[in-house]
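Everything numeric in this text was worked out from a predicted model, so none of it was measured.
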Amino acid sequence: MMIVLALVANATELFEVWPPHASGPAMQFGYGIAVSDVDSDGYPDIVVPFSRVMFLNDGATGWVEVPVTQIGPGSAGGYSASLGDYDMDGLPDLSTEPRGDSARLLHNEGGGAFGIVNDFPNIGGQSAETNGWIDVDGDGWLDLFVPAYSGASGLYMNQGPDAEWSFTERIDDAGIDLSRNLVIRPEGAQFVDVDRDGDPDLYVCGELLMNDSLPGAPLFETNERAGIPFAFDEGAAFADIDMDGDFDLGVLYHLQTWTDSLPDKLMAIWENRGDGTFALLPVDQIDDYNILDGYNLGMSFADWDLDGDVDLSFSDRFELNEFAQYGDRVFWRTEYPMSIENATPGWFDWDGDGDLDVAGGVWGGTTRFYTSTLYDGVPLEQRRYLRVRPVAASDASPLGVDTEFGAIVEVKLEGDPAEVRRRAFTASGHGYLNQSEYALTFGFGAFDGDLIADVSVDFTTPGDDGIWRVDRFVNAALGSISVLALADREVRVFRDGTAIIDGVTYTPDGVEDPLLQTPGGVPVALDTEGLDDVGDDAWVGLEVTVPSLETEAEAAATIREVLVEGVLGEPVVCEGLVGNVMLWDVTDDEPALVATATGPRDAHNRRAEVATAFPLMSERTYRVVARVGEVRALAAGPVQTDITVGSAFDVDEVADPCDPSWVVEAPGGDERTSLSVRYRYGGLIEEIERVPDDPDPTTPDAAVDTGFEGFKGCGCDVGSGADPRGAVVIAALIAWSVRRARRA
């Protein structure tokens, strides 16, 4: 760790201009760039569309310049381009971003050659800047969104192999109307699951559009509650700047009009409050946010110092994020030799050494390539990073293909407190005129400890069923990975649960299905203004009943996540278990505490996600409860699914949280709830951790510290004190390894 931090401290030495291009035209004239492994040789390549040329990575020894004349003549060649493998043959195809012409789709023929797709349904007169590949409707095929000037935008839906990979234009059917705010110049655009319901949402030029699509039926609806004002931008991108698990939005404004208290041209970050609403981060927490002259172009987030948090670059500025080291939401400007104006950076590891190199496209200037010196001379076993690549299965490649745009990857290190979430997502556009590499790099330079990691991937999925999550409960190989012992630091995760780690293929264990169900979908808050302060002793809860199921296992389901609409309170200690979220079995006359979990207490967010391992037995009734300091109500209770979600309740003051009487006696209702659950069938609890004997439950701070030290993986305690059913539950879960089939 000291090696990494020492290098970062001397910032001017972190990047070096690649020697053969130290002077002269470098990588041609280029407004934007796109990075992907064009020739499928394992090394990322660079496309400079304005000059109709690409540079193939020659095994990290140099670059081979190859013309791509099919991009188009003159300025119609496009400001930039996006690469996406729409026919899943292992070769990423190229969509241009035109200037006053029609969008072109080029099919990758292999070996660096492209051919024009003549039947692509072009819209004439387009001027576009930041295309986006994504599977909008969950049918398994990559679609393409082209946000263009003057109402000429297009949403091109991929019809799949049965229709010979043809496209139809469906923007009107999908409800994407960029004329509502007179959006005549949409610039930055990006897809990501903002509200954590499983499908990719869209931000474009002040509009946050929520995805309500079903297979074959694309549909978006404007989020009126988002809190992001409309104003002309020259770049926008999502990233989790404060490591709380949700994706914040950076916007590079040009002639902003939403407030008179700020300059016309500025960089601003809108903090996601966990529920898909946003609040403005004080702009003075971004060093030199005020852009005085010219067009403020170029936008990207990337953890280029590999300390764990994402850093920021915009216009001619490179700013370090301080969150991983100090917990502050502050960005400080630093100087680099690539002090070029209006940079459009594409980040990628060109030589496979683990650090992030960068190609700096320049609006109206020359593209240059810079190598990172972060890991120069550092042995592999000391390089503190991990790469994760979500892939789709394809007959074209046993290693999978890079088509899972919008997939959210989380890496959890053993020893991370509940408040720390390390999340990133795959994207085909990374801010403005730029596409970074597909694989995600996680740096751990600011983490003081051994690197034992759990990896999970949330693949996009449409509808209200839930989230398609591949994790250690689906494939045990994704748990307790010793990062520094890996010779190959890239983990590949397939949608079907298969994982490739250090060159070895691991198939799913068959214990749990990837679908993490959310009954009725994620509820919507009734009050959008904020949370209510309810004191120190308030609790909210939800009743869950598991019907009689025809299954060989006694355990019917496992709650893997609890969503609480509010800020969690201090954890408590009951019967040797610690947590601010609890599961009580209330079936019989003697209710029993079954399990607890400790969730994050983040005052910046309105919704808390708590990882749990709560076992639900067939023909039993449970109450899930959470201690809250601030809370708000959600809309009417969710619909019934394979488990029955019953009444919700809240209690303003609980004198003794360990006394089950308050849980049983709390009156329920169907109109208000502040808590929802995500569950899977079955589950194998392998670790059961308790706090030391005789903890002092009257000392909340001590309880919190003890809990963090005792938790591994999901951070859950399972047991029920003196009640003998606790041992039965544990024994049944440990013994059971038969997965109940997912509902049809």
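Remark: the Glu65 side chain and the Gln28 side chain contain an N/O donor-acceptor pair separated by less than 3.5 Å. The closest side-chain donor-acceptor pair between Ser95 and Ser82, if any, does not fall under 3.5 angstrom. A donor-acceptor pair shorter than 3.5 Å cannot be found between the side chains of Thr558 and Arg680. A donor-acceptor pair shorter than 3.5 Å cannot be found between the side chains of Arg469 and Ser456.
In this structure, the separation between CG on Asp471 and CG on Asp454 is 8.5 Å, given to the nearest 0.5 Å. With values rounded to the nearest 0.5 angstrom, Asp309 atom CG is found 10.0 Å from Asp242 atom CG. Note that NE2 of His107 and CH2 of Trp165 are 9.5 Å apart. Values are rounded to the nearest 0.5 Å. Here CD of Gln190 is found 12.5 Å from CZ of Phe145. Values are rounded to the nearest 0.5 Å. The structure places OH of Tyr375 at 9.0 Å from CG of Asp353, a figure rounded to the nearest 0.5 Å. To the nearest 0.5 Å, atoms CG (Asp502) and CG (Asp488) are separated by 6.0 Å.
Side chains of Glu561 and Glu609 form a contact here, defined as non-hydrogen atoms less than 4.5 Å apart. You'll find the side chain of Asn211 reaches within 4.5 Å of the side chain of Pro200, heavy atoms only. Using a 4.5 Å heavy-atom threshold, the side chains of Val470 and Leu478 count as touching. The closest side-chain heavy-atom distance from Arg368 to Tyr370 is below 4.5 Å. The shortest side-chain heavy-atom distance between Val38 and Leu91 does not fall under the 4.5 Å cut-off. Residues Asp193 and Asp458 fail the side-chain proximity criterion, which asks for heavy atoms closer than 4.5 Å. Residues Asp513 and Val474 fail the side-chain proximity criterion, which asks for heavy atoms closer than 4.5 Å. Counting only heavy atoms from C-beta outward, the side chains of Leu451 and Leu413 approach each other to under 4.5 Å.
Counting only distance, with no hydrogens or angles, the side chain of Thr96 and the backbone of Ala81 share no donor-acceptor pair below 3.5 Å. For Asn108 (side chain) and Pro92 (main-chain N/O), a donor-acceptor pair under 3.5 Å exists by modelled atom type. A donor-acceptor contact shorter than 3.5 Å links the side chain of Asp357 to the backbone of Trp350. Side-chain atoms of Asp137 do not come within 3.5 Å of backbone N or O of Ser213 as any donor-acceptor pair. Judged by distance alone, with hydrogens and angles left aside, the side-chain atoms of Asp143 form no donor-acceptor pair with the main-chain N or O of Asp135 at under 3.5 Å. A distance-only check finds a donor-acceptor pair linking the side chain of Asn434 to the backbone of His430 [under 3.5 Å]. At distances below 3.5 Å, not a single donor-acceptor pair connects side-chain atoms of Asp58 with backbone N or O atoms of Thr61. A side-chain donor-acceptor contact under 3.5 Å links Arg489 to the backbone of Leu380. Asp303 contributes a side-chain N or O that, together with a main-chain N or O of Gly308, makes up a donor-acceptor pair within less than 3.5 Å. A side-chain donor-acceptor contact under 3.5 Å links Arg383 to the backbone of Val378.
For the pair Arg423 and Phe247, the cation does not sit on the ring face, since its NZ or CZ is not both under 6.0 Å from the ring centre and inside 45° of the axis.
A salt bridge links Glu437 with Arg387: the closest approach of a Lys/Arg side-chain nitrogen to an acidic carboxylate oxygen falls below 4.0 angstrom. With salt bridges taken as basic N to acidic carboxylate O contacts below 4.0 Å, none links Asp240 and Arg421. Looking at Glu512 and Arg560, a side-chain N of the basic residue comes within less than 4.0 Å of a carboxylate O on the acidic one, giving a salt bridge.
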Handout entry: side-chain contact (heavy atoms from CB on, under 4.5 Å) between Leu440 and Thr426, worked out
Key = CA-CA 7 Å; Leu440 301 173; Thr426 56; 4.0 Å; yes
Exercise for the section: Could you go through the salt bridge (Lys or Arg N to Asp or Glu O under 4.0 Å) check for Arg492 and Glu490 one step at a time? Expected result: CA-CA 6 Å; Arg492 289 177 179 256; Glu490 184 170 288; 3.6 Å; yes
Handout entry: Residue pair Arg422, Glu410: steps toward the salt bridge (Lys or Arg N to Asp or Glu O under 4.0 Å) verdict
Key = CA-CA 5 Å; Arg422 304 173 187 271; Glu410 179 166 9; over 6 Å; no
Exercise for the section: Test side-chain contact (heavy atoms from CB on, under 4.5 Å) on Val35 and Asp45 and set out the steps. Expected result: CA-CA 6 Å; Val35 176; Asp45 310 301; over 6 Å; no
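Ring pair Trp133/Phe191: centre-to-centre distance not below 6.0 Å. The aromatic ring centroids of Tyr438 and Phe405 lie less than 6.0 Å from each other. Centroid-to-centroid, the aromatic rings of Trp347 and Phe15 come within less than 6.0 Å.
Ring-plane geometry between Phe318 and Trp304 is classed as perpendicular, the angle between the planes exceeding 60 degrees on a 0 to 90 degree scale with a lower cut at 30. The aromatic rings of Tyr86 and Phe167 sit perpendicular, their planes meeting at an angle over 60°, well past the 30° parallel limit.
Screening Phe369, Tyr43, Phe55 against Trp63 for a ring pair (Phe, Tyr, Trp, His ring centres under 6.0 Å) leaves a single residue, Phe369.
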